[in-house]
S.K.: 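Pasting a structure below so you can have a look.
Small disclaimer: the values here were computed from a predicted structure and weren't measured.
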Amino acid sequence: MTGIIDVGGGMRDIYGAGVLDYCLDNNINFDLCIGVSAGSANLASFLAGQKGRTYHFYAEYASRKEYMSFSNMFRNGSYFDLDYIYSYLSDEDGENPIDFDTFSKSTSDYFAVVTDAETGQAHYLPKNSIERNNLWAIKASCAMPVACKPYCHGKNKYFDGGVAAPLPIEKAFEMGCDKVYVILPRPAIKKNHEFSGLIKPFIKDYPEIITLMARRPEIYNSGLDAIDRYVKSGKVILISPDNDKGLNMITKNGRKLTDYYYKGYNDAERIFSSL
């Protein structure tokens, strides 16, 4: 069984959108798709067969204050308005709706990774968590601490899946994969920054999240080590840029984002054509 993981990374993951659009152009499919944060949105559009859909979200819509802005932060407590992105724009009557019928009929397994805000545990929400005009699982997977409030669903609260499981490579093998493609939309360089206490007041009600954020370099670097081992054994194919072009998680520059999209597309072409 062949899997793909898109690990997200905010606006940088327009790179992953380029990779997946190459796959759509060349009829490359996967048995298992695991999306973390923005990767969950990318992979949903991929399984819906909508080439170019997520490109517009990154390179065009992100410049709108309704999408991400400090005015959103003052208005509803989140820099990214996940309801605007994944309801207003994405519902059937929205500006750029997801093709829910094609997504739901896809034969590929799909999981969106979220972090339980209370326990700090990673949860893998299956495809049927996504409903027509209700992309709550993607909203939860994209709720980055500080940039977003925890996303509430029923009695549960969730943060971005990358908090607990930034590189869920082992999970893909546990689910039965024998080969996994990993989209890492930033250079595969280990993190060495220390946890900033400045963000604690924003997540003070969630001590398990504070603990995970403090351990983030350790968790991320351990995942990179695992990926490196699997690359050497031939069980993982890593698709990652050699340079992030100065992009970060909240970049709005359309030209830079477009360049990064094509970098992802071209890197995918180079890697897949060589296999």
S.K.: So, using salt bridge (Lys or Arg N to Asp or Glu O under 4.0 Å) as the criterion, who are the partners of Asp81 when residues are at least two apart?
M.R.: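 Asp81 satisfies salt bridge (Lys or Arg N to Asp or Glu O under 4.0 Å) with Arg75 only.
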
S.K.: Could you check Tyr158 against His123 for side-chain contact (heavy atoms from CB on, under 4.5 Å), going step by step and ending with a plain yes or no?
M.R.: CA-CA 9 Å; Tyr158 300 103; His123 296 291; 4.2 Å; yes

S.K.: Under a 4.5 Å side-chain heavy-atom rule over Ile, Leu, Val, Met, Phe, Trp and Tyr, are Leu184 and Ile4 clustered together?
M.R.: no

S.K.: Tell me, which pairs form a ring pair (Phe, Tyr, Trp, His ring centres under 6.0 Å) where one or both residues lie in residues 238-260, sequence neighbours left out?
M.R.: Tyr15-Tyr260

S.K.: Going by heavy atoms in the side chains, are Ile237 and Val182 under 4.5 Å from each other?
M.R.: no

S.K.: Mind checking whether Ser108 and Phe46 have side chains closer than 4.5 Å, heavy atoms only?
M.R.: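 Heavy-atom side-chain distance check fails, nothing below 4.5 Å.
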
S.K.: Rounded to the nearest 0.5 Å, how far does CZ of Arg186 lie from CE of Met249?
M.R.: 8.5 Å

S.K.: Check this for me, if you would: do Lys256 and Asp259 make a salt bridge, where the nitrogen-to-carboxylate-oxygen distance has to be below 4.0 angstrom?
M.R.: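 No, Lys256 and Asp259 are not salt-bridged.
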
S.K.: Before we go on, tell me: are the rings of Tyr261 and Tyr58 under 6.0 Å apart, centre to centre?
M.R.: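 Judged by ring-centre distance (under 6.0 Å), Tyr261 and Tyr58 do not meet the cut-off.
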
S.K.: Yes or no on side-chain contact (heavy atoms from CB on, under 4.5 Å) for Ser141 and Tyr151, after CA distance, side-chain angles and deciding distance?
M.R.: CA-CA 9 Å; Ser141 186; Tyr151 188 80; over 6 Å; no

S.K.: Under a 3.5 Å cutoff, is there a donor and acceptor pairing between the side chains of Ser37 and Asp160?
M.R.: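 Per modelled atom types, Ser37 and Asp160 side chains form a pair under 3.5 Å.
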
S.K.: Using the rule side-chain contact (heavy atoms from CB on, under 4.5 Å), only one of Leu43, Asp13, Asn42 pairs with Thr54; which is it?
M.R.: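 Per the side-chain contact (heavy atoms from CB on, under 4.5 Å) rule, the option paired with Thr54 is Asn42, out of Leu43, Asp13, Asn42.
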
S.K.: Please walk me through it: do Glu118 and Lys157 pass side-chain contact (heavy atoms from CB on, under 4.5 Å)?
M.R.: CA-CA 7 Å; Glu118 304 292 348; Lys157 296 180 179 179; 4.1 Å; yes

S.K.: Could you give me the CA-CA distance, side-chain angles and deciding distance for Ser222 and Arg215, then say whether side chain to side chain donor-acceptor pair (under 3.5 Å) is met?
M.R.: CA-CA 11 Å; Ser222 176; Arg215 294 185 56 226; over 6 Å; no

S.K.: Are any of the side-chain heavy atoms of Tyr124 and Lys171 separated by less than 4.5 Å?
M.R.: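 Counting from C-beta outward, Tyr124 and Lys171 do come under 4.5 Å.
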
S.K.: Between Arg132 and Asp101, does any side-chain N to carboxylate O distance fall below 4.0 Å?
M.R.: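 A salt bridge links Arg132 with Asp101.
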
S.K.: Is the shortest side-chain heavy-atom distance between Val180 and Ile169 below 4.5 Å?
M.R.: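 Sidechains of Ile169 and Val180: in contact.
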
S.K.: With a 4.5 Å cut-off on side-chain heavy-atom distances among I, L, V, M, F, W and Y, is there a chain of contacts connecting Tyr88 to Tyr67?
M.R.: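 Yes: a chain of side-chain contacts under 4.5 Å links Tyr88 to Tyr67.
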
S.K.: Please work out which of the three classes, parallel, tilted or perpendicular, describes the rings of Tyr206 and Phe159, given edges at 30° and 60°.
M.R.: perpendicular

S.K.: With sequence neighbours excluded, what pairs up with Asp99 under the salt bridge (Lys or Arg N to Asp or Glu O under 4.0 Å) test?
M.R.: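 Asp99 satisfies salt bridge (Lys or Arg N to Asp or Glu O under 4.0 Å) with no residue once adjacent residues are dropped.
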
S.K.: Under the 3.5 angstrom rule, does the side chain of Asp91 hit a backbone N or O of Gly94 as a donor-acceptor pair?
M.R.: no

S.K.: Under a 3.5 Å threshold, yes or no: a donor from one side chain and an acceptor from the other, between Tyr22 and Asn266?
M.R.: no

S.K.: Between Lys127 and Asp109 (salt bridge meaning N to carboxylate O under 4.0 Å), is one present in this structure?
M.R.: no

S.K.: Could you grab the distance from atom CD1 of Ile14 to atom OG1 of Thr258, nearest 0.5 Å is fine?
M.R.: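 Atom-to-atom, Ile14:CD1 and Thr258:OG1 are 5.5 Å apart.
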
S.K.: Check whether any side-chain heavy atom of Asp6 sits under 4.5 Å from a side-chain heavy atom of Val36, and report yes or no.
M.R.: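 No, side chains not in contact.
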
S.K.: Go through the steps for Tyr181 and Phe30 under the test ring pair (Phe, Tyr, Trp, His ring centres under 6.0 Å), then give the verdict.
M.R.: CA-CA 9 Å; Tyr181 293 82; Phe30 307 92; 5.6 Å; yes

S.K.: Dump the intermediate steps for ring pair (Phe, Tyr, Trp, His ring centres under 6.0 Å) on Tyr84 and Tyr61, then the final yes or no.
M.R.: CA-CA 10 Å; Tyr84 177 79; Tyr61 307 152; 8.0 Å; no

S.K.: With Asp242, which residues qualify under side chain to side chain donor-acceptor pair (under 3.5 Å), at least two apart?
M.R.: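 Result, side chain to side chain donor-acceptor pair (under 3.5 Å) vs Asp242: Lys263.
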
S.K.: Asp225: which residues meet the salt bridge (Lys or Arg N to Asp or Glu O under 4.0 Å) condition with it, sequence neighbours left out?
M.R.: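 Testing Asp225 for salt bridge (Lys or Arg N to Asp or Glu O under 4.0 Å), a comparison that skips the adjacent residues, returns Lys190.
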
S.K.: Taking atom NZ of Lys235 as the centre, report whether more than 12 heavy atoms of other residues, nucleotides or ligands fall under 6.0 Å from it.
M.R.: yes

S.K.: How far does CG of Asn29 sit from OG1 of Thr2, to the nearest 0.5 angstrom?
M.R.: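 One gets 10.5 Å once the value is rounded to the nearest 0.5 Å.
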
S.K.: Parallel, tilted or perpendicular, judged at 30° and 60°: which one describes the rings of Tyr230 and Phe173?
M.R.: tilted

S.K.: Counting distance only, does the side-chain N/O of Trp136 pair as donor-acceptor with the main-chain N or O of Ser129 below 3.5 Å?
M.R.: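 Yes.
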
S.K.: Quick check against the 3.5 Å criterion: does Asn72 have a side-chain atom that pairs as donor or acceptor with the backbone of Glu66?
M.R.: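 Indeed, once roles are kept as given, a pair shorter than 3.5 Å links the two residues.
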
S.K.: Count I, L, V, M, F, W, Y as connected when their side-chain heavy atoms are under 4.5 Å apart, and connections chain through other members. Are Val113 and Met144 then in the same cluster?
M.R.: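 Looking at the clustering, Met144 is in a separate group from Val113.
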
S.K.: Kindly determine whether Glu208 and Ile203 satisfy side-chain contact (heavy atoms from CB on, under 4.5 Å), including the steps that lead there.
M.R.: CA-CA 10 Å; Glu208 296 298 331; Ile203 50 176; over 6 Å; no

S.K.: Could you state the interatomic distance from CD1 (Ile138) to CD1 (Ile130), rounded to the nearest 0.5 Å?
M.R.: 4.0 Å

S.K.: State the CZ-SG distance between Phe111 and Cys33, to the nearest 0.5 angstrom.
M.R.: 10.5 Å

S.K.: Please determine whether the number of non-hydrogen atoms from other residues, nucleotides or ligands lying under 6.0 Å from atom NZ of Lys191 exceeds 12.
M.R.: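 Check passes, neighbour count above 12.
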
S.K.: State which residues pass salt bridge (Lys or Arg N to Asp or Glu O under 4.0 Å) with Asp83; sequence neighbours excluded, sorted by chain then number.
M.R.: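 For Asp83 the salt bridge (Lys or Arg N to Asp or Glu O under 4.0 Å) partners, ignoring immediate neighbours, are Lys139.
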
S.K.: Do other residues, nucleotides or ligands put more than 12 heavy atoms under 6.0 Å from Met73 CE?
M.R.: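 Enclosed.
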
S.K.: Mind checking the OH-OH spacing from Tyr262 to Tyr55? Nearest 0.5 Å is all I need.
M.R.: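 Reported value, rounded in 0.5 Å steps: 6.0 Å.
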
